[in-house]
Amino acid sequence: MAKVDWPEASKRTLIGKRISRTDGPLKVTGAAKYSYDISRPGLLYVKLVTSPHPKAEISGIDGTAAAAVPGVKAVWKDEELQEVQYVGQIVAAVAAETEEIATDAAHQVKVEYRVREHQVRDNDPALSKDKPSNLTVGNLDEGFAKADVTMNGNYGCPVITHCCLEPHGQVTEYRDGELYIWPSTQNVSRYSDGLRNDVDLPQNKIHVDCQHMGGGFGSKFDTDKWGKIGVTLAKMTGRPVKIMLDRDTELMIAGNRPSAYAKIKVGAKRDGTITAVDAEVWGTGGGGGYSAPPIPYVFGKIPNRRLVGKGIRTNRGGQRAWRAPNHPQGCFLTMSAFADTAALLKMDELEFFQRNIQFTDRPTVYTEELNKAAELIGYKRRAHLRGDASPGPIKRGLGVSIHTWGGQGHPSECDVTIHPDGSVEAACGTQDLGVGTRTCIAMVVAETLGIPLQAVKVKIGRNEYPQSGASGGSTTIGGISVSSRQGATAALNALLEVAAKRLGIQPDLLEARDGQIREVDNGSKRISWKDACALLGPSPITKRGVNVPGESAKANLASQGVGGAQIADVSVDIETGIVTMNELVAVQDCGLIINLKLAESQVYGALIMGITSALYEEAVYDTRTGKMLNADMEFYRLAGIKDVGKLTVHMMTGKGYDDRGVIGLGEPPVISPAAAIANAVANAVGVRVPQLPLTPERVLAALAQRGGSAA
Amino acid sequence: MKPFEYSAPKTLKEACGLLGDTWGKTEILAGGTDLVTSLKQRITQPSRVLSLKHLKELHGIRNSRGSLVIGAMTTLGELAAHSDVRRHFPALVTAATGVGSPQLLSVGTVGGDLCQRPRCWYFRNGYGLLAQKDGVSLAREGENRYHAIFAADGPALFVSASSLGPGLIALGAEMVAAGPGGATRSIPATEFFRAPQSENEREIALKPNEILTEINVPLKGLKNGIYEIRHRHGLDWPYVTAAVAFGGKEGSGGARVVLGHVAPMPWSVPAAAKLLNTARPDEATAARCGQVAVEGARPLSQNAYKIQMARTAVKRAVLAAV
């Protein structure tokens, strides 16, 4: 009988290989349909009416003029909304025959506001009105008493947004008493939970379909207000309706990553050993609560430490989970403070990190990863202490960072069916955010059944398929790999029973390989895959695989806890302040890798996202008007191809990694880039640029403060 | 966008007849890279949009009596690829290609570049050209990192967004405008840009009833160059640019140094130009030129860094022109 354990390296035909994504051609040719592409007969377009004020009471919404515009089919008003809390908050919506009519009519909805005083500033701890959080371990006084040097630093990273290239939204249609929704969602299986109070239909009459996505990054778990408005307007008009957020609304309200500003004190001995860390952090997640990012990050076993967190409530759009929530902030703040401590000791940064590696959970892995990253970037040959002493305005530097993440697979179910004609399908209610989930399921099933990748049809993205968890926290690959492996193994074993009878052999002596069912290690008794399946007669085999996280961890099918090391190489023009990426090296582990190419691709994407947050991204809010001034892609800058430099990715594989089972990869590689780049800039120019993004104005200001600007 | 009448006349005379005496009632459409977004965002809500695309005489570049005559509807891509422009005016080539995206180079026009509206984020968020709310200058009190460091004592704090303006001023160009009845007048490039004093004014010297038709750039054999500082290495607005022109067959006297993106108009610095008329344009002169160019800068609360950038841009522009 086939076993569910992952095959050892020598026996793998697909797993761990570089395989191109199966839906690549669909995406390149434009045949892949995203929510925006869905068109239904009689489709209406919806435009939202949003608040221009950061805080205001609403005394009335008048949709009469809008409703009278020719082509307008319905105006929805939020009758329950009494007060808006941020610019961009949804107040009403208009459904019309064309997008243009809807846009023009939305401008004719009259909302009466009584403007109230607002607060959008987030960079002063005195603005915090909440009780501070406090996590103290050990004895700070004793820790600092043991230190030979004490470093005091201030650092910060602003609110940034998810800026998914595909905005939020969906198409919604009532047809024959049932509800059909095509949302862009990270949570296909449970998407409709959010409509419980809005739809009087049983769950078996709500159909959710999301085949392709242009990113979510943690901002697309919920049905959201526009999901509910879609249902309401579809009901009001009796027509299908499409709502996709405009870019400005997308940037203001569909995903903010909390800011984090910190005052950090680090005590260290002359040999670099850290004795104490004292951190006070503040920032905003919008109107809701705030949870302080972890400091010291990764080096969590430093014996004496304190972390005080102060949330600042602001009239800004609410926070959403942003890829590795709180880790990039904690990483940037910690690694900056540590690199500054190394600089104070006139010690090499990499050596300083290694000196303290025993304070991490996995010293051996981090050592191995740091060494690999150092080797790849030529660290020994090129490293210098803080400040590039070479002549000329271009200064070059290296910066180091390490990070961690969990990545345990979520609960997932997958039905694998072997048809009598030999074709195979796998059905799973998961979603592909753009990372290649569909391809990975096909690979696991094909590998398990010993058939070519193309022979497996994968059905995902619908809520009628077996339930699978939301794609968040790097949980998908662990979940779907185990459930599809379980399902395929069970289906194969049922087929082996049938084949064994025909071959006159015990089923546990059979294996599926190279399109055959054959005797293990021998092959003298064999039957082709097609002939074996024909033995099934009229009835296909369908078996359900289930990932139960605790159990799959015990069985070494999937586990959690990864590390990663990154080193950045930058050039800084000290006469203009412009930072140029030369190279970013990422060394990353994530247990058993299903598809090496997709894993590397995942890391490349994370590095670009990380570079963007390091150099460009910042939601700029105007204190007086409470508006986000750069809710566009002109001044909310994203890195382009010329900005990213060389990206070098090395995935840790083999012994000590493969045998840990499958672990998620979505979050970890995005955590370190900003920290490594900020350290590289400090290493290059000889002075810390304390605030992200590392804009030319901030670089020049830091140089000017030191009096070290070239000119 | 608000509905409007669309006109695409075949003659300049007809086109001029469709303009009025007030800004904003009619907007002129060239490449549309600025106007179309402004219409969508309701920054402007004209009752008529006047397209220049059928006015053949506004297209193309020709050599005429010691000048290169650039039609206002010439695209930035055509400008940058033109052999005479490449030979005589590297500053204009750098400025045009610096715009960055193939799409903008293909449809954006020379006239459009000169007449485009500022990118000031208060203006683009609907607070008007002078960015005022309840009588307070939002830019002066607020987020002014991209705003002016020169001529910032008036109500206008935005910076001119034109890529070609500084170079054309440095080269001593003249703009030609057609008014009522198709009558033309010439405006020196130095006088083409201006700081508006009220919301009823605009940032260029054209009258509401005039159309920019062509730009004459004299062929004086000036060495010229431009240096642009952008945050991103690809498509982005510059922080600061500097255009220089000096030397030439007539000898000294014609040098100009013009900064971009530092004032509501391209900012000429005669004191810096004077150095180029007298000293050899070597590294030391270039650095001094940069130093002199920023004297008198009066930064706002967040943009003192632009002084350092301007200093560098002038220095590097001089060295690029040599």
Side-chain angles (χ1 to χ4, degrees), chain A residues 52 69 87 99-101 103-104 107-108 120 246-248 393 573-581 611-612 615-616 618 620-645 693-704 709-711, chain B residues 1-3 37 40-42 45 100-101 119-127 131-134 136-146 161 227-240 287-288 290-291 294 299 302-316:
Chain A
V69 172
V87 175
E99 205 169 340
E100 292 76 14
I101 295 172
T103 306
D104 286 342
H107 280 275
Q108 302 201 34
V120 295
D246 290 333
R247 183 56 62 182
D248 55 348
D573 184 334
I574 57 168
E575 292 182 346
T576 64
I578 306 284
V579 176
T580 301
M581 291 299 307
I611 290 168
T612 297
L615 299 183
Y616 303 111
E618 174 176 17
V620 178
Y621 272 83
D622 181 52
T623 304
R624 195 175 288 265
T625 61
K627 277 208 166 115
M628 180 178 170
L629 293 175
N630 60 341
D632 53 49
M633 292 187 74
E634 184 175 329
F635 291 111
Y636 191 91
R637 295 180 172 89
L638 302 184
I641 194 71
K642 288 181 179 169
D643 300 312
V644 299
L694 305 165
T695 57
E697 55 265 37
R698 293 204 173 101
V699 173
L700 291 176
L703 286 166
S709 176
Chain B
M1 57 185 84
K2 223 184 89 184
T37 29
K40 283 187 178 173
Q41 292 171 348
R42 303 191 166 222
Q45 302 189 37
S101 93
R119 306 311 304 178
C120 165
W121 47 22
Y122 290 103
F123 172 57
R124 298 285 165 175
N125 272 287
Y127 292 103
Q132 292 184 343
K133 187 171 187 255
D134 309 328
V136 173
S137 165
L138 292 170
R140 196 178 292 284
E141 305 276 316
E143 297 294 330
N144 52 37
R145 66 189 72 174
Y146 303 131
Y227 192 86
E228 304 186 311
I229 298 173
R230 286 186 166 78
H231 190 181
R232 288 196 307 199
H233 299 76
L235 180 65
D236 206 350
W237 293 100
Y239 275 106
V240 169
R288 270 190 61 215
Q291 191 58 46
V294 298
Q302 296 179 339
N303 63 5
Y305 72 93
K306 277 193 170 190
I307 296 175
Q308 165 59 22
M309 282 190 178
R311 197 185 279 140
T312 304
V314 169
K315 179 176 84 173
R316 293 184 184 180

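Here is the naming used below: chain letters follow the sequence lines, and residue numbers restart at 1 for every chain.
The side-chain heavy atoms of A/T103 and B/M1, taken from C-beta on, include no pair separated by under 4.5 Å. In this structure, the side chains of A/D632 and B/W121 stay at 4.5 Å or more apart for every pair of heavy atoms. No side-chain heavy atom of A/E697 sits less than 4.5 Å from a side-chain heavy atom of B/N303. At least one side-chain heavy atom of B/K315 sits under 4.5 Å from a side-chain heavy atom of A/E575. Contact annotation: the side chain of A/K627 approaches that of B/Y127 to within less than 4.5 Å [non-hydrogen atoms, C-beta and beyond].
Screening B/Y239, B/Y122, B/Y146 for a ring-ring contact (aromatic ring centres under 6.0 Å, His included) involving A/F635 leaves a single residue, B/Y146. When the options A/I578, A/I641, A/V644 are evaluated for a side chain to side chain contact (heavy atoms under 4.5 Å, CB included) with B/H233, the one that passes is A/I578.
At a 4.5 Å heavy-atom cutoff, A/V699 makes no contact with chain B through either its backbone or its side chain. Within the 4.5 angstrom heavy-atom criterion, only backbone atoms of A/M628 (N, CA, C, O) approach chain B. In this structure, no portion of B/V240 lies under 4.5 Å from any heavy atom of chain A. Of the two parts of A/D573, only the side chain, counted from C-beta on, holds a non-hydrogen atom closer than 4.5 Å to a non-hydrogen atom of chain B.
Residue with the most contacts toward chain A among B/K2, B/R119, B/E141: B/R119 (heavy-atom pairs, distance under 4.5 Å). Contact count versus chain B (heavy atoms, under 4.5 Å) is highest, among A/G640, A/P696, A/P52, for A/P696. Chain A forms the most heavy-atom pairs under 4.5 Å with one residue out of B/Q302, B/K40, B/R42, and that residue is B/R42.
Salt bridge B/K133/A/D622: absent, no basic N to carboxylate O contact under 4.0 Å. B/D236 and A/K642 are not joined by a salt bridge, as no carboxylate oxygen comes within less than 4.0 angstrom of a charged side-chain nitrogen.
Checking A/T695 against B/H231 by side-chain atom types alone, no donor-acceptor pair falls below 3.5 Å. For the residue pair A/Y621/B/E143, the side-chain donor-acceptor check at 3.5 Å is not satisfied.
When atom types are taken as modelled, the side chain of B/T312 and the backbone of A/T576 share no donor-acceptor pair closer than 3.5 angstrom. The closest donor-acceptor contact from the side chain of B/R232 to the backbone of A/L638 lies under 3.5 Å.
Evaluation of the side-chain hydrogen bond (donor to acceptor under 3.5 Å, both in side chains) rule for B/Y305 yields no partner, not counting sequence neighbours.
Here the straight-line distance linking atom CZ of B/R124 with atom CG of A/N630 works out to 14.5 Å at 0.5 Å rounding.
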